[in-house]
Protein chains: 2
Amino acid sequence: MNNQLASKAEAIRMLQERDINPTQQRIVIAQLLFARPQHMSAEQVLMNVQDSGVHVSKATVYNTLSLFAEKGLVKEVIVDPTKVFYDSNIVPHHHFFNIDNGQLSDIDDASLQLQAMPQLPDGTQLDGVDVIIRVRGQQQAQA
Amino acid sequence: MNNQLASKAEAIRMLQERDINPTQQRIVIAQLLFARPQHMSAEQVLMNVQDSGVHVSKATVYNTLSLFAEKGLVKEVIVDPTKVFYDSNIVPHHHFFNIDNGQLSDIDDASLQLQAMPQLPDGTQLDGVDVIIRVRGQQQAQA
DNA sequence: TTAACTCTTTAGAAAGAGTCTATTTCCCAT
DNA sequence: ATGGGAAATAGACTCTTTCTAAAGAGTTAA
């Protein structure tokens, strides 16, 4: 289903750009995530990577996704109380979340803008803004 | 710390308004939640309720919070990957979430408006819109 | 080539939130 | 009082995520 990967060379380049030591496991995970812009849970990453032949442990998947998030290579999306999604599209954008089928999809950035940024609580700095539009109903599977 | 409760009469009234059978356990949980507008996790509810003398089991806390959410008495807030918060303020509003200390606070609704609602995915209906502004840094404890 | 060192990966145990199940308790109408 | 349905309970269980202690890989220095 999801078997095409980004090229190894490109994955390595992306890792090095962010000062991430390009180990075998990190390269394979990057190849998977950056095959195309998408949202994956840790479990999905684990399953897909293992299909690709390279052995990667569960702990390494979690470590690697956390590292990628910390280095800005992917973005964590918190919408489903049961698991974290990792988004390989780091261009600023927001999400639809279908509460019936758990499907997460992007909102075109142009079609959603905040009118103004409210005053932040004292002593805090902005980290990011997440807009989640929750929808119900069986949407078509994405192409 | 958090020992004042809403009155029993008021709690019963709120439950009945939403067609919820006002049992002992549900009343105590409602008294706790509606003492003031606030955000609580299931675990916090469990601990606070047990302090108040009435015995309530963990399962009942989870069942009750789900029921309250389903009936529109509270709103689930998904911001922290490790737990769900229940918000007893159901007036439409959005949230600041401090990623350093886990503190959740309300955004004055007037200060944050979306410019336009994007087109929803085919076959879906709107369920709700959540805006979360993530901040960093040690904010002062709330009064 | 080996030795020393650091960084990464690993299996499996453990933590923590939330759910489930089978049983008991509660409450009310008869 | 009693029969019945709704609610509550203890505790086992599931699932995601984190931790731990040990093994492996890669690099440099001699």
Side-chain angles (χ1 to χ4, degrees), chain A residues 11-12 15-16 18-32 39-50 52-71 73-87 99 102 104, chain B residues 8 11-12 15-16 18-32 39-50 52-71 73-87 97 99 102 104:
Chain A
I12 292 173
L15 295 178
Q16 286 176 336
R18 304 263 176 176
D19 289 312
I20 298 170
N21 187 357
T23 65
Q24 278 215 350
Q25 288 81 347
R26 289 169 182 172
I27 292 168
V28 182
I29 293 173
Q31 283 184 267
L32 172 65
H39 315 101
M40 299 188 88
S41 66
E43 198 214 359
Q44 286 178 301
V45 170
L46 182 60
M47 282 178 25
N48 277 278
V49 159
Q50 287 179 340
S52 83
V54 185
H55 176 89
V56 179
S57 70
K58 192 170 54 153
T60 296
V61 168
Y62 279 95
N63 289 342
T64 301
L65 290 172
S66 295
L67 178 69
F68 284 9
E70 185 192 312
K71 297 287 190 177
L73 210 51
V74 299
K75 195 172 167 338
E76 294 182 342
V77 183
I78 316 292
V79 279
D80 180 331
T82 72
K83 61 171 91 66
V84 175
F85 285 101
Y86 292 87
D87 190 343
I99 60 177
L104 188 61
Chain B
K8 196 160 175 173
I12 291 173
L15 296 177
Q16 287 176 334
R18 304 266 176 171
D19 289 313
I20 297 170
N21 187 358
T23 65
Q24 278 215 349
Q25 287 82 348
R26 288 169 183 170
I27 292 168
V28 184
I29 293 174
Q31 284 185 266
L32 172 67
H39 315 102
M40 299 188 86
S41 66
E43 197 213 359
Q44 286 178 300
V45 170
L46 182 59
M47 283 179 24
N48 277 278
V49 159
Q50 287 179 340
S52 83
V54 186
H55 176 88
V56 179
S57 70
K58 187 170 63 152
T60 296
V61 168
Y62 278 96
N63 289 341
T64 300
L65 290 171
S66 295
L67 178 69
F68 285 7
E70 186 191 315
K71 297 287 189 177
L73 210 50
V74 298
K75 193 169 169 342
E76 293 182 342
V77 183
I78 316 293
V79 278
D80 180 331
T82 72
K83 63 173 91 65
V84 174
F85 285 102
Y86 292 86
D87 189 343
F97 182 65
I99 60 178
L104 188 61

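Lettering follows sequence order; numbering is per chain, from 1.
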Could you go through the side chain to side chain contact (heavy atoms under 4.5 Å, CB included) check for B/L104 and B/V79 one step at a time? CA-CA 9 Å; B/L104 188 61; B/V79 278; 3.9 Å; yes
So A/V74 and A/M40, side chain to side chain contact (heavy atoms under 4.5 Å, CB included) or not? Walk me through it. CA-CA 10 Å; A/V74 299; A/M40 299 188 88; over 6 Å; no
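The nearest whole Å value for the distance from the CE atom in B/M40 to the P atom in C/dG18 is 14 Å. Between A/I20 atom CD1 and C/dT9 atom P the separation is 11 Å, expressed in whole Å. Distance B/L46 CG to C/dT19 C1': 15 Å, rounded to the nearest Å.
At its two ends the helix from C/dT1-D/dA30 to C/dT30-D/dA1 runs along axes set 0° apart, each axis drawn from five pairs and the angle rounded to 10°.
Separation of atoms CG (A/L15) and CZ (A/R26) is listed at 8.0 Å; rounding is to 0.5 Å. With values rounded to the nearest 0.5 angstrom, B/T82 atom OG1 is found 9.5 Å from B/E43 atom CD.
Looking at B/F68 and B/I29, their side chains come closer than 4.5 Å, going by heavy atoms from C-beta outward. B/L32 is not listed as a side-chain neighbour of B/S52, based on a closest heavy-atom distance of 4.5 Å or more. With a 4.5 Å cut-off on side-chain heavy atoms, B/F85 and B/E76 do not count as touching.
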Under a 4.0 Å heavy-atom criterion, the protein footprint on nucleotides 2-21 of chain D, written with B, S and -, is -----SSBB-B---SBBB--
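Under the 3.5 Å distance criterion, the side-chain polar atoms of A/Q50 are matched with a main-chain donor or acceptor of A/V56.
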